[in-house]
Amino acid sequence: MLPTVRLHHDPAHRNVQERAVRDLEWWPGTVFVWAAGEAVTLKGVRRHLAVERGVPREWTHITGYWRRPVAAGPVAAQGTVVEESAAAPEEDAVHERLHELTDLAPGFAIRAAVTLGLFELVHHGVRDPAELVRRCGGAPDACTALLAYLMDLGLLESGAEGLRLTAVGEELVEDDHSADEYHLELAQAALDLSLAGLPEALRGGDGNRYRTATGLPLAVAMREDERLGGSARELIEEQALWFAPGVVTGHDWASAGTVTAAGHGVGALVNALVKAVPEVSVRIAALPSAVRVLRERVLDADALARVELVVQSGPVPTGGDTALLSRLLDWLPDEDAVQTLRETVVALPTGGTVVMVEQVRPEGAPGDLAAFADPETALHHLRLRCAFGTGVRTLAELTALAERAGLGVRAVRDVGWDHRLLVLAVTDR
């Protein structure tokens, strides 16, 4: 017969359950443990079984189905508070922090409300819950549940005239960046959703397994869905504003001849370039949807008058003496990146130059946490890995890709914000 331990919680003896399990006769063979009780008390039991007894996690079912209240705590006969009352608030805080970090529901609910325009409706005076549900369309019960949940999260509250936004809710309508970042049909949310494939990426999979709601890989969807792709380009164009000045000063553009630019964030770079170097002649080569974004939302009027926009089907810039590639390799796995660089070499005239601008991370051996000391870089690396099978590359990795494509590195310059400008020359025709 299997041994069974039944114990009542005694506040004066916090470790009685753990001691009882430790004192059990340990039979030979495979052990399965089912345990339930107060959450904090079971931690010692769980640790003993896993660490000291080596019981695999799949052979245990340990459930902390209640937690002791954070009251003044029981008092021993001598009039002193027992040790667990001091620990309980800290344990509760740890539990709440863990729940906060792992709970997916609030993020999805808020993003769904942003996508449906719920916060905008309330901001513009639609206060009646029934009218908000009607405006959402679709499933009235689900929309009603969403409103109730948003109130519980503290984004909506009841007022004299109906629902209204809290200070946190106001942030979602007053900050355009927040509205775009949290919209489930735009690029930032798509990159975040791709993290659902993180376990496979960590196991050594090639990444790029994430599929959008239309069933397409994200890279394909960004090419075919003008709205999704446009939001991705605008996102990187904003980032490129920060390192554009470094790109302008990082190369002798006055002697570059005709520059044909391609890639992500190229509009911000060209805006800065034509202003700083009036004599430079610039062409931008891109897909029709990207050209439209550049013309309507990115390029300044003065720059637009001086830049030739060339519609083409692929990422490789053709024509010109110098090819400017801005973050072009971000979404390309190594083999695709090498092929793109090879095609760039073929398109260059004899003596032509490639200027490549890419984000880099520090060099580091596996396990060297300094390579990802910046948490934003670490998270961006994981997103790229899951969404495209790539990542934030090191300078050595970028150099190796260039060399495989027949390009040699003539110069490397730090242009700021973790970006490097590589001046590349053809070594193998």
Side-chain angles (χ1 to χ4, degrees), residues 191 194 198 201-208 219 236 239-240 242-252 261-266 269 315-317 322-346 348 352-429:
L191 287 169
S194 73
L198 186 55
L202 294 173
R203 293 187 184 108
D206 59 3
N208 204 17
I236 302 178
Q239 298 170 359
W242 296 99
F243 58 85
V247 172
V248 170
T249 59
H251 185 64
D252 181 12
H264 315 300
V266 72
L269 302 190
V316 177
T322 299
L324 170 59
L325 310 182
S326 174
R327 298 276 293 269
L328 185 60
L329 307 189
D330 257 9
W331 303 349
L332 299 177
D334 286 355
E335 293 300 322
D336 294 347
V338 170
Q339 181 62 29
T340 297
L341 291 175
R342 283 175 179 158
E343 293 178 10
T344 302
V345 168
V346 172
L348 281 175
T353 301
V354 177
V355 177
M356 184 168 69
V357 181
E358 293 286 339
Q359 183 180 1
V360 300
R361 60 179 171 86
E363 306 287 344
D368 182 359
L369 300 183
F372 292 104
D374 178 8
E376 288 298 322
T377 299
L379 180 56
H380 187 52
H381 183 82
L382 294 175
R383 288 187 183 115
L384 291 177
R385 179 74 181 181
C386 294
F388 307 111
T390 60
V392 181
R393 295 179 171 100
T394 66
L395 181 59
E397 289 170 341
L398 290 172
T399 299
L401 294 177
E403 290 174 347
R404 288 170 59 187
L407 290 162
V409 179
R410 288 200 324 218
V412 178
R413 297 184 176 92
D414 186 341
V415 294
W417 301 91
D418 297 329
H419 284 70
R420 299 293 183 272
L421 181 150
L422 288 77
V423 181
L424 309 173
V426 179
T427 59
D428 179 22
R429 276 290 185 182

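Looking only at side-chain heavy atoms (C-beta outward), L329 and T390 stay at 4.5 Å or farther from each other. In this structure, L191 and F388 have side chains that are in contact, with non-hydrogen atoms separated by less than 4.5 Å. The side-chain heavy atoms of D336 and W331, taken from C-beta on, include no pair separated by under 4.5 Å. Counting heavy atoms from C-beta on, the side chains of Q359 and Q239 never come closer than 4.5 Å. Counting heavy atoms from C-beta outward, L341 and L325 have side chains that approach closer than 4.5 Å. Under the 4.5 Å side-chain criterion, counting only non-hydrogen atoms from C-beta, L424 is in contact with V409. For the pair L401 and E397, the minimum side-chain heavy-atom distance is 4.5 Å or more. You'll find the side chain of M356 stays beyond 4.5 Å of the side chain of L328, heavy atoms only.
In terms of heavy atoms, A240 sits closest to G265 at CB-O, 3.5 Å. Scanning both residues, A323 and T344, for their nearest heavy atoms gives CB-CG2, 3.9 Å. What you find for V345 and A405 is that their closest heavy atoms are CG2-O, 3.8 Å. Taking every heavy atom of both residues into account, A370 and P362 meet most closely at O-CG, 4.2 Å. Closest approach of C386 to L198, counting heavy atoms only: SG-CA, 3.5 Å. Across all non-hydrogen atoms, the minimal contact from L332 to A337 is CB-N, 3.9 Å.
Looking at S326, its side chain does come within 3.5 Å of a backbone N or O of H264 through a donor-acceptor pair. With hydrogens and angles ignored, the 3.5 Å screen pairs no side-chain donor or acceptor of R404 with any backbone N or O of E335. Judged by distance alone, with hydrogens and angles left aside, the side-chain atoms of E358 form no donor-acceptor pair with the main-chain N or O of L398 at under 3.5 Å. With hydrogens and angles disregarded, no donor-acceptor distance shorter than 3.5 Å links the side chain of T377 to the backbone of A373. With hydrogens and angles ignored, the 3.5 Å screen pairs a side-chain donor or acceptor of R361 with a backbone N or O of V392. For T353 (side chain) and A425 (main-chain N/O), no donor-acceptor pair under 3.5 Å exists by modelled atom type.
Ring planes of F243 and H419: parallel class, angle under 30° (limits at 30 and 60°).
For the residue pair Q339 and E343, a side-chain donor N or O sits within less than 3.5 Å of a side-chain acceptor on the partner. Using modelled atom types, one finds no donor on one side chain facing an acceptor on the other under 3.5 Å when comparing R413 with H251.
Annotation: side chain to side chain donor-acceptor pair (under 3.5 Å) contacts of D334 (sequence neighbours excluded): R393.
Considering CG of D414 and CG of L421, their distance stands at 10.0 Å, rounded to 0.5 Å.
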